[in-house]
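A short worksheet on the structure shown next.
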2 protein chains.
Amino acid sequence: MRIGELSARTGASVRSLRYYEEQGLLTSTRSAGGQRHYTDDEIERVVFVQRLYAAGLSSRTIVELLPCVDSPSDDHSDAAMERMLQERDRLSDHIEELQRTRDALDVLVTAARAYRDTGRANCGAAATTFA
Amino acid sequence: MRIGELSARTGASVRSLRYYEEQGLLTSTRSAGGQRHYTDDEIERVVFVQRLYAAGLSSRTIVELLPCVDSPSDDHSDAAMERMLQERDRLSDHIEELQRTRDALDVLVTAARAYRDTGRANCGAAATTFA
DNA sequence: CTAGAACCTGACATCAATGTGAGAGGCAAG
DNA sequence: CTTGCCTCTCACATTGATGTCAGGTTCTAG
């Protein structure tokens, strides 16, 4: 398939797909005229890359992880492994912080609701529980 | 306290604190000579703001939420409320996605370990579970 | 063969938060 | 008063992923 179709199927813009290739996250074969051709496998790869992007990994980091996905037997797998564990932990920490923040928002919402319903509770005071 | 101390106590750079003020997220009184002075309450506020930043909210969004923190009785509380619920949901979705991604990394790690230990499992094949 | 859609490269623009540097002024201790 | 540190404003730079535009080429349907 050509780049437009891959774009349509993954939701990634054509621009982004070319950027991914430039960063070494995606490969393509070229037609005689120089147009990029992809196999169906690339769909999955793009989705995976996008997932990692959404998790806050940078292209550089993703590039380090992909070798393991592609060829687990390579020598650099150990480095990639290290990187993966590290990112996994970072992700865990981030998730926990987001959960705390969500809880904080919940407290605010609850306080605001109480205030609205009773006209008495102080939602501002609730904010003091976040420091 | 002056800006340097607030910076030291919150971990936010002096530059960032000025930026927060510019965005309406933080207020200060000025000395005769024009220097910013803060009360201890501002520490808490900065921490709260940073937490929201870390959760991926933009200054614009945070600005919309702060009225509720400051004065829950204001008219715009309803809009802020709406915004808060919306952000809360967005946050929940994001957390779920991060958890899925973490799980995906776990699968990769496990597969890589299995490969390393047995020299047989195919970690590349494991990657096919992420699409 | 031809028109139009899709593609190519390359370059510049964008956004948001923050870094950085210049030049000037405030403020406390000696 | 002076020295040194902190602060002020203003402005430009940075980062990373992506948008967008221009000028040219490839592919495909009719």
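We name chains A, B, ... by the order of the sequence lines, and we start the count at 1 in each one. The structure presented is a predicted model; accordingly, all values stated were derived computationally and were not measured.
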What's the CD1-P distance between B:Ile3 and C:dG26, to the nearest Å?
17 Å

Where the side chain of A:Ser7 meets the backbone of A:Ile3, is there a donor-acceptor pair that is under 3.5 Å apart?
no

Heavy atoms of other groups near A:Arg30 CZ, more than 12 under 6.0 Å:
yes

Closest-nucleotide ordering on DNA chain D, the 5'-leading residue of A:Gln35 and A:Arg15
A:Arg15

For B:Ser13 and B:Tyr19, which I'm curious about, is there any donor-acceptor pair between the side chains at under 3.5 Å?
no

Would you call A:Arg18 and A:Glu21 a salt bridge, taking side-chain N to carboxylate O under 4.0 Å as the test?
no

Strictly below 4.0 Å, heavy-atom distances to any atom of DNA chain D: list the hits from residues 26-34 of chain A, or just say none.
A:Ser31, A:Gly33

Send over the distance from B:Gln23 CD to C:dA16 C1', rounded to a whole Å.
9 Å

Using the C1' atoms of the five pairs at each end, what is the angle between the end axes of the helix from C:dC1-D:dG30 to C:dG30-D:dC1, to 10°?
10°

Nearest to the side chain of A:Ser59 - D:dA17, C:dA16, C:dT18?
D:dA17

Assign B:Arg36 to base, sugar-phosphate, or nothing according to its heavy-atom contacts below 4.0 angstrom with the strands shown.
sugar-phosphate

Okay, side chain of B:Arg45, backbone of B:Leu25: is any donor-acceptor separation there less than 3.5 Å?
yes

Between P on C:dA16 and CD on B:Glu22, what's the gap in Å once rounded to a whole number?
12 Å

Can you check ring-ring contact (aromatic ring centres under 6.0 Å, His included) on A:Tyr53 and A:Tyr20, steps first, answer last?
CA-CA 11 Å; A:Tyr53 267 125; A:Tyr20 296 167; 5.4 Å; yes

Could you give the OH-to-P distance, from B:Tyr19 to D:dT7, as a whole number of Å?
21 Å

Tell me the interatomic distance from A:His37, atom NE2, to D:dT28, atom C1', rounded to whole angstroms.
12 Å

B:Ser13 side chain: which of C:dT18, D:dG19, D:dA17 is closest?
C:dT18

With a 4.0 Å cutoff (strictly under), does any side-chain N or O of A:Ser16 reach OP1 or OP2 of D:dA17?
no

